[in-house]
Amino acid sequence: MKCTIQECNGEYEERYISQVFTRQGVSVVIERIPALVCNFCGDTILQWETTERLWEVLEAKAKPERFLPAYTYQALNS
Ligand SMILES: [Zn+2]
């Protein structure tokens with residue numbers, strides 16, 4: 001499918017992306033989200049069902065599968 005961004009000639013490809021969400025002030029990472037990503041400009045489209053599912057997961061406060069190291073940029077420079 002051709003990219004919907006004006007003047008971009010890229011094509012959307014099926015990929016898995018990682019996204020950081022904020023839940024009650026805390027960052028939550030969800031990995032391997034199926035998405036369509038433009039191979040030129042990077043524009044990303046999520047299916048409606050995927051978006052709904054993400055909201056369900058974030059609302060449900062599901063137990064994390066694992067924990068990741070997290071840093072703030074400012075802390076890295078001090
Ligand atoms: Zn594009």
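Both counts, for ligands and for their atoms, begin at 1 and track the order of listing. These numbers come from the heavy atoms of this one structure, side chains and all, not from hydrogens, waters or symmetry mates.
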Can you confirm whether Asn9 sits close enough to Phe40 that some side-chain heavy atom of one is under 4.5 Å from a side-chain heavy atom of the other?
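A side-chain contact under 4.5 Å is absent here.
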Tell me the side-chain hydrogen bond (donor to acceptor under 3.5 Å, both in side chains) pairs involving residues 26-38, sequence neighbours left out?
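Counting only pairs at least two positions apart or across chains, the side-chain hydrogen bond (donor to acceptor under 3.5 Å, both in side chains) contacts touching residues 26-38 are Glu31-Arg66.
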Mind checking whether Leu54 and Leu36 sit in one hydrophobic cluster, side chains of I, L, V, M, F, W, Y counted as touching below 4.5 Å?
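No, Leu54 does not connect to Leu36 through the hydrophobic network.
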All salt bridge (charged side-chain N to carboxylate O under 4.0 Å, His left out) counterparts of Glu13, not counting sequence neighbours
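So Glu13 forms a salt bridge (charged side-chain N to carboxylate O under 4.0 Å, His left out) with Arg15.
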Nearest 0.5 angstrom please: Glu14 CD to Met1 CE, how far?
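Answer rounded to 0.5 Å: 10.0 Å.
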Around the Zn ion (ligand 1), what protein N, O or S atoms are found below 2.8 Å?
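N, O, S partners closer than 2.8 Å: Cys3 SG, Cys8 SG, Cys38 SG, Cys41 SG.
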How would you list all residue pairs meeting salt bridge (Lys or Arg N to Asp or Glu O under 4.0 Å) that involve residues 16-27, not counting sequence neighbours?
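Listed by first then second residue: nothing to list.
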